Amino acid sequence: KRVVVLISGNGSNLQAIIDSMERKEVPNAQITLVISNKKEAFGLERAKKHNIATKYFPLKPYLDSKTRSQFDLDLAQVVNGETPDLIVLAGWMLILSPNFLDSVKAPVINLHPALPGQFAGTHAIERAHSAYQEGKIQHTGVMVHRVIPEIDAGETILSEVVPIHPEDTLEALEDRMHQTEHRILVAAIRKILIPRVASSSRAEIKTFDNI
Ligand code: GRF
């Protein structure tokens, strides 16, 4: 199974996917390309260290001459060139328009550090931390969802509550959130890439075991 990962920054979630694949937790799957819109994204270094192909694909040249929609179309071409089975947005900070989503031929999933319907957009962890301090929420969470044109709103694949404690600094909450992100993103990729064993065949396996 061929996976393309889009990043914009540190790439700790990319690292979690790389590590899980090396541990064979996602059987017969490999990342064939990591794309970043930021040249200095540390995630590019992480990919190179694991001999994974990388591509720097900046938005800026499109803002000068062409148009934003051309960026999305050209990005889709690069992604399709990998004939991926899955496209993962892991800390990708650009909004992808229908130009991209309708052009790519594989499902697109996104990791977002908030629960479905909460804190869509950027700085979600910071906003949750403030909302907690104002007594508006008791916890926050992380979700992986299918990407549709509406921001952070596609069908939820997996989500998990992340507790917030009274003494939590923003950093403490961020650390806890990232640990959950790494785990839930790998679980979501497994859920999509590993075909569910039909219940009947599981029964057959059961009887086989009994022989
Ligand atoms: C993560 O919190 C991710 O959910 C958000 O940006 C952060 C990037 O993390 N979109 P990393 O680049 O994977 O470390």
Side-chain angles (χ1 to χ4, degrees), residues 3-22 25-26 31 33-50 52 54-59 75 86-97 100-101 108-132 137 139-164 168-192:
V3 178
V4 170
V5 182
L6 275 57
I7 63 166
S8 298
N10 176 26
S12 70
N13 285 285
L14 166 67
Q15 189 67 53
I17 303 170
I18 292 171
D19 296 346
S20 68
M21 286 181 174
E22 292 198 343
E25 288 166 2
V26 190
I31 299 171
L33 181 65
V34 171
I35 302 173
S36 171
N37 64 308
K38 294 286 182 193
K39 197 173 186 61
E40 70 285 352
F42 184 63
L44 292 172
E45 297 312 310
R46 295 175 190 268
K48 287 172 190 160
K49 205 178 297 175
H50 290 266
I52 297 170
T54 60
K55 184 160 183 69
Y56 168 49
F57 199 81
L59 171 61
L75 179 61
L86 178 63
I87 301 157
V88 180
L89 310 186
W92 173 259
M93 299 312 272
L94 291 180
I95 294 168
L96 292 171
S97 69
F100 177 85
L101 297 170
V108 184
I109 64 173
N110 178 52
L111 169 75
H112 184 63
L115 289 173
Q118 280 198 340
F119 306 118
T122 56
H123 302 100
I125 303 175
E126 229 166 300
R127 289 153 59 198
H129 188 246
S130 307
Y132 173 82
I137 57 172
H139 58 255
T140 182
V142 176
M143 70 166 161
V144 179
H145 62 92
R146 286 191 191 285
V147 179
I148 61 171
E150 188 191 347
I151 301 174
D152 293 332
E155 168 213 353
T156 301
I157 295 165
L158 283 178
S159 70
E160 185 169 315
V161 165
V162 175
I164 309 177
D168 273 345
T169 58
L170 176 57
E171 290 68 30
L173 179 57
E174 280 173 343
D175 283 351
R176 191 174 311 123
M177 289 287 275
H178 290 331
Q179 285 168 40
T180 304
E181 287 177 338
H182 302 165
R183 192 161 28 80
I184 193 174
L185 183 53
V186 170
I189 292 170
R190 285 172 51 86
K191 188 173 178 186
I192 291 188

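Just so you know, ligand 1 is whichever comes first in the structure, and atom 1 is the first atom listed for that ligand. All figures in this text were calculated on a predicted structure; none of them were measured in a lab. Residue numbers start at 1 and run along the sequence shown.
Around atom 11 (P) of ligand 1, the closest heavy atom drawn from G9, S8, P113, S12 belongs to S12. Of the candidates G11, A41, G91, the one placing a heavy atom closest to atom 12 (O) of ligand 1 is G11.
Proximity of E181 to ligand 1, defined as any heavy-atom pair under 4.0 Å, is confined to the side chain (atoms from C-beta onward). Contacts between E174 and ligand 1 below 4.0 angstrom, taking non-hydrogen atoms only, are absent altogether.
Residue contacts with ligand 1 include H178, since one of its heavy atoms falls under 4.0 Å from the ligand. Under the 4.0 angstrom criterion for non-hydrogen atoms, L111 is in contact with ligand 1. For the ligand labelled ligand 1, residue G43 lies outside the 4.0 Å heavy-atom shell.
Smallest separation of non-hydrogen atoms from T54 and A47: CG2-CB, 3.5 Å.
Residues passing the side-chain contact (heavy atoms from CB on, under 4.5 Å) test with S12, sequence neighbours excluded: N10, R46, H182.
Panel note: side chain K191, backbone I157; a donor-acceptor pair is recorded below 3.5 Å. A distance-only check finds no donor-acceptor pair linking the side chain of R176 to the backbone of V162 [under 3.5 Å]. Proximity of a side-chain donor or acceptor of R183 to a complementary backbone N or O of A16 within less than 3.5 Å is not detected.
Residue N13 has at least one nitrogen or oxygen atom sitting less than 3.5 Å from a nitrogen or oxygen atom of ligand 1, judged on distance alone.
Side chains of H129 and E126: no donor on one and acceptor on the other come within 3.5 Å.
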